[in-house]
**Q** 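Below you'll find the structure I mean.
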Amino acid sequence: MDFLFIDFLGTPAWFWLSFLGLVIALTAFDLGILHKEDREMGIGESLRLSLFYIGVALLFGAWVWYARGPEPGMQYFTGFFIEKALSIDNVFVISLIFSYFAIPAKYQYRALLWGIIAVIILRGLMIAGGAALVNEAYWVLYIFAAFLIFTGIKMFFAGDQPLDVANNPAIRFISTHMPVTRELHGQRFFVRTEDPKTGKLARAATPLFLALVVINLADLVFAVDSVPAIFAITTDTFIVYTSNIMAILGLRALYFALAAMVHRFHYLKYALAGVLVFIGTKIFVADFLLGGEKFPPAVSLGVTFGLIAAGVGVSLWKTRRMPQSDWPAGMGPGDPARSELR
């Protein structure tokens, strides 16, 4: 049993195995029991399941705090809150993608689940690469920090831009290199159908697969912000990865509750811009003004949570009586627009 205590990326192996076991158990329970059959999820069920995932994430954070100490615990919660807030911005983009491909609600949940599984792998690769860069050259953190400051300022002043799904390069590539059906085939990503060019049976992609591809590409764009943001909080690979994944795991459940009301969070982008600028700035403050001393984790957690809570509160207050005709540009259902891809 000695292998359980082997150091892996700065953390004993049993920590990693415990986390992976939790992720596998949650995914299996979700897919195999809660949603064994394809069906539309109601807002009430979505909210209950979202609260369950948030509760699991908070309990995991409490365990990290107990097992590894207050500093890693606060770093985990800071990363979790940032990623959770950024995921709200993802919801509108995912909604537009499903609308473009005309994916019924009863098939969206399973597509999101497979998307989450892909994200777990892709984020792992990105975080491992980021950790390797930071370990080899600390100055890479300054690049991350400068990028976060630039992105935050850009997000604060940028307007809404359309999401052009039709001209997505991945869609054009798939459509060019393999047959694509015009209609859905249930929850299937691929089917065997007659190739109009040869008249023979061939494997063809379905619109559900195309939607899955675009969603995962969109997540890669979002990860360009979220991964550096958490590395700016801590270089502990375990904290970076677990806070990212625990926030993402509940996204598929949260989606069904937020997709219909995401316009209510329009002003959250200003809070997120402030968080990114703060997280990037604190790297320079710690190294050049505090003489290399660590920026207090409690301050990072407090400022991050305060900004996000304020953004949510102001958004809900400002839009409490707003009719659909007055929704911010690009925030209504069916509008050919999206939140900023940072």
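We count residues from 1, following the sequence as given.
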**Q** Identify the residue among Y53, Y76, F77 that makes a ring-ring contact (aromatic ring centres under 6.0 Å, His included) with F60.
**A**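 It is Y76; the other options fail the test.
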**Q** What is the ring orientation for F231 with F144, classed by angle as parallel under 30°, tilted 30 to 60°, or perpendicular over 60°?
**A**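 Geometry flag for F144 against F231: tilted rings.
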**Q** Measure across P297 and E71 and return the closest heavy-atom pair with its distance rounded to 0.1 Å.
**A**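 It is CG-CG, 3.5 Å.
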**Q** Got a second to check how far I116's CD1 is from L112's CG, nearest 0.5 Å?
**A**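 Answer rounded to 0.5 Å: 6.5 Å.
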**Q** What heavy-atom pair brings L184 and P104 nearest, and what distance separates the two atoms?
**A**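 Distance-wise, the nearest heavy atoms are CD1-CD, 3.1 Å.
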**Q** For F190, is the CZ atom crowded, meaning more than 12 foreign heavy atoms sit under 6.0 Å from it?
**A**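 Enclosed.
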**Q** What side-chain donor-acceptor pairs closer than 3.5 Å can you find for residues 271-282, not counting sequence neighbours?
**A**
{"unit_1": "T281", "atom_1": "OG1", "unit_2": "V277", "atom_2": "O", "d": "2.7"}
{"unit_1": "K282", "atom_1": "NZ", "unit_2": "A232", "atom_2": "O", "d": "3.1"}

**Q** Rounded to the nearest 0.5 Å, how far apart are CG of L249 and CD1 of I117?
**A**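 One finds 10.0 Å between CG of L249 and CD1 of I117.
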**Q** Which atom names give the shortest non-hydrogen contact between T242 and F238, and what distance separates them?
**A**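 Smallest heavy-atom distance, with atoms named: OG1-O, 2.7 Å.
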**Q** Give a yes or no on whether I230 and I121 share a hydrophobic cluster (residues Ile, Leu, Val, Met, Phe, Trp, Tyr; joining criterion: side-chain heavy atoms under 4.5 Å apart).
**A**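 In one cluster: no.
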**Q** Mind checking what makes side chain to side chain contact (heavy atoms under 4.5 Å, CB included) contact with T237, not counting sequence neighbours?
**A**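 By the side chain to side chain contact (heavy atoms under 4.5 Å, CB included) rule, T237 matches L9, W16, I127, A131.
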**Q** Under 4.5 Å between side-chain heavy atoms, counting indirect links through other Ile/Leu/Val/Met/Phe/Trp/Tyr residues: same cluster for L59 and L20 or not?
**A**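 Each belongs to a different hydrophobic cluster.
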**Q** Who passes side chain to side chain donor-acceptor pair (under 3.5 Å) against E183, sequence neighbours left out?
**A**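 Expected list: H185.
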**Q** Once rounded to the nearest 0.5 Å, what's the spacing between atom CZ of R203 and atom CZ of R192?
**A**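 Atom-to-atom, R203:CZ and R192:CZ are 7.0 Å apart.
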**Q** Tell me every residue that passes salt bridge (charged side-chain N to carboxylate O under 4.0 Å, His left out) with R68, counting only those two or more places apart in sequence or in another chain.
**A**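 By the salt bridge (charged side-chain N to carboxylate O under 4.0 Å, His left out) rule, R68 matches D236.
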**Q** Which value, rounded to the nearest 0.5 Å, describes the distance between L212 atom CG and F98 atom CZ?
**A**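 So the CG of L212 and the CZ of F98 are separated by 8.0 Å.
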**Q** What's the spacing between F288 CZ and Y142 OH if we round to 0.5 Å?
**A**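 Here the rounded value is 4.0 Å.
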**Q** Given side-chain contact (heavy atoms from CB on, under 4.5 Å), test I248 with N244 step by step and report yes or no.
**A** CA-CA 6 Å; I248 292 171; N244 238 259; 4.0 Å; yes
**Q** Do the two ring centres, one from F15 and one from W63, sit under 6.0 Å apart?
**A**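 Judged by ring-centre distance (under 6.0 Å), F15 and W63 do meet the cut-off.
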**Q** If the condition is side chain to side chain contact (heavy atoms under 4.5 Å, CB included), which residues does L133 pass it with, not counting sequence neighbours?
**A**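 Checked L133 against side chain to side chain contact (heavy atoms under 4.5 Å, CB included); matches are V140.
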**Q** Can you name the residues that form a side chain to side chain contact (heavy atoms under 4.5 Å, CB included) with W317, not counting sequence neighbours?
**A**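 Scan of W317 (side chain to side chain contact (heavy atoms under 4.5 Å, CB included), adjacent residues dropped) gives R320.
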**Q** Can you measure from CG (L208) to CH2 (W114) and round to the nearest 0.5 angstrom?
**A**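 These two atoms lie 12.0 Å from each other.
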**Q** Should L141 and W139 be regarded as members of a common hydrophobic cluster, given that ILVMFWY residues are connected when their side-chain heavy atoms come within less than 4.5 Å of each other, either directly or indirectly?
**A**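 Yes, L141 and W139 fall within the same hydrophobic cluster.
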